[in-house]
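Only heavy atoms go into these numbers, but all of them, side chains included; no hydrogens, no water, no symmetry mates. Position 1 is the first residue of the sequence; numbering continues from there.
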Amino acid sequence: MITQGQTTSFKAELYEGIHDLLTDDIYIALYTGNADLTEATTVYTTSNEITGTGYVAGGVQLTGASVNTSGTTAYVSFDNAQWAGASFTARCALIYNASQGDKSIAVLDFGSDKTVSNQTFTITFPPDTADSAIIRTN
């Protein structure tokens, strides 16, 4: 089962002061359609992580983190994630905090398998706004 959204453990850990999305090492890993990633996911896992040319287990580090607010909404954005010279198929992704014991942050569901063959695979994050950012809390 794949369910997109922030993980429940991440929400609680924000209140506990565990995550600093501006200074911690935040990664994004890719998974097959057989992955079991939901709001109950608590840590990065290698179970059903993809394999293929241009992909290394654990994914890539997200860069360009920004934390902003607008009205009563706080939100986080990152630069797009890319895998160059890639040949693989991915169905979903997990954003996680490598600096904090690989604790989960959010699950992304691509809606269907996405296949790339000797090209750059890019996850394009939505605009850095209170209504669109990939991670936001009202």
Side-chain angles (χ1 to χ4, degrees):
M1 172 183 269
I2 302 165
T3 305
Q4 180 162 308
Q6 293 178 55
T7 60
T8 304
S9 58
F10 171 68
K11 295 173 190 177
E13 290 159 1
L14 282 177
Y15 289 111
E16 295 167 354
I18 291 173
H19 299 275
D20 184 336
L21 300 179
L22 295 177
T23 61
D24 288 349
D25 294 329
I26 309 301
Y27 278 74
I28 186 166
L30 301 176
Y31 293 85
T32 70
N34 294 323
D36 186 17
L37 298 174
T38 69
E39 64 279 351
T41 300
T42 58
V43 295
Y44 160 76
T45 178
T46 58
S47 180
N48 291 302
E49 188 172 9
I50 68 156
T51 59
T53 303
Y55 186 82
V56 176
V60 296
Q61 186 170 4
L62 292 175
T63 60
S66 65
V67 176
N68 298 292
T69 60
S70 177
T72 60
T73 303
Y75 55 97
V76 179
S77 289
F78 301 98
D79 293 340
N80 294 338
Q82 296 187 326
W83 290 263
S87 293
F88 55 70
T89 298
R91 168 57 199 267
C92 60
L94 177 70
I95 299 173
Y96 68 97
N97 189 335
S99 296
Q100 300 298 330
D102 294 340
K103 293 180 183 298
S104 67
I105 294 174
V107 175
L108 306 180
D109 183 352
F110 304 153
S112 63
D113 284 349
K114 304 299 178 188
T115 300
V116 64
S117 181
N118 200 29
Q119 296 176 326
T120 299
F121 184 87
T122 302
I123 295 178
T124 303
F125 287 109
D128 184 19
T129 67
D131 295 327
S132 300
I134 195 69
I135 299 171
R136 57 187 185 272
T137 305
N138 294 355

Inset, instruction - Check whether Leu22 and Ile95 end up in the same hydrophobic cluster, where Ile, Leu, Val, Met, Phe, Trp and Tyr are linked by side-chain heavy atoms less than 4.5 Å apart. - result: yes
Legend entry - Interatomic spacing from CD1 in Ile18 to CZ in Phe10 - rounded to 0.5 Å: 10.5 Å
Inset, instruction - To the nearest 0.5 Å, tell me how far Ile105 CD1 sits from Asp24 CG. - result: 8.0 Å
Inset, instruction - Please determine, by modelled atom types, if Thr129 and Ser132 share a side-chain donor-acceptor pair under 3.5 angstrom. - result: yes
Inset, instruction - Could you tell me whether the side chain of Thr38 and the main chain of Thr3 form a donor-acceptor pair under 3.5 Å? - result: no
Inset, instruction - Heavy atoms only: give me the nearest Ile50-Thr32 pair and the separation to one decimal. - result: CG2-N, 3.7 Å
Inset, instruction - Mark yes or no for whether Thr8, through its side chain, and Ala40, through its backbone, hold a donor-acceptor pair below 3.5 Å. - result: no
Inset, instruction - Look up atom CD in Glu13 and atom CG in Asn97, then write down how far apart they are to the nearest 0.5 Å. - result: 8.5 Å
Inset, instruction - List the atom of Arg136, the atom of Thr73, and the distance in Å for their closest heavy-atom pair. - result: CB-CG2, 4.1 Å
Legend entry - Nearest-0.5 Å distance, OG of residue Ser77 to CZ of residue Phe125: 9.0 Å
Legend entry - Plane angle bin for Trp83 and Phe88 - parallel if under 30°, tilted between 30 and 60°, otherwise perpendicular: perpendicular
Legend entry - hydrophobic_cluster_shared for Ile134 and Ile123, side chain cutoff 4.5 Å: yes
Inset, instruction - With sequence neighbours left out, write down each residue that passes side chain to side chain donor-acceptor pair (under 3.5 Å) with Thr69, or none if nothing qualifies. - result: none
Legend entry - Reported OH-to-CG distance for the pair Tyr31 and Leu94, which is rounded to 0.5 angstrom: 5.0 Å
Legend entry - Check: Asn48 side chain, Asn34 main-chain N or O, donor-acceptor pair, under 3.5 Å: yes
Inset, instruction - For Tyr27 and Ala98, work out which heavy atoms get closest and say how close. - result: CD1-CB, 3.7 Å
Legend entry - Flag for Thr63-Asp79: side-chain donor and acceptor within less than 3.5 Å: yes
Inset, instruction - Of all the heavy-atom pairs spanning Val67 and Val76, show the shortest one and how long it is. - result: CG2-CG2, 4.0 Å
Legend entry - side chain to side chain contact (heavy atoms under 4.5 Å, CB included) evaluation trace for Ser47 with Glu49: CA-CA 5 Å; Ser47 180; Glu49 188 172 9; over 6 Å; no
Legend entry - Atom of Tyr96, atom of Ser104 and distance for their closest heavy-atom approach: CB-CA, 4.1 Å
Legend entry - Joint hydrophobic cluster, Leu37 plus Phe110, side-chain heavy atoms closer than 4.5 Å: no
Inset, instruction - Measure the OH-CD1 distance between Tyr44 and Ile28 for me, rounded to the nearest 0.5 Å. - result: 12.5 Å
Inset, instruction - Enumerate the residue pairs fulfilling salt bridge (Lys or Arg N to Asp or Glu O under 4.0 Å) with a member in residues 83-102, sequence neighbours excluded, ordered by first and then second residue. - result: Arg91-Asp109
Legend entry - Ser9 to Thr41 - nearest heavy-atom pair and separation: OG-O, 3.6 Å
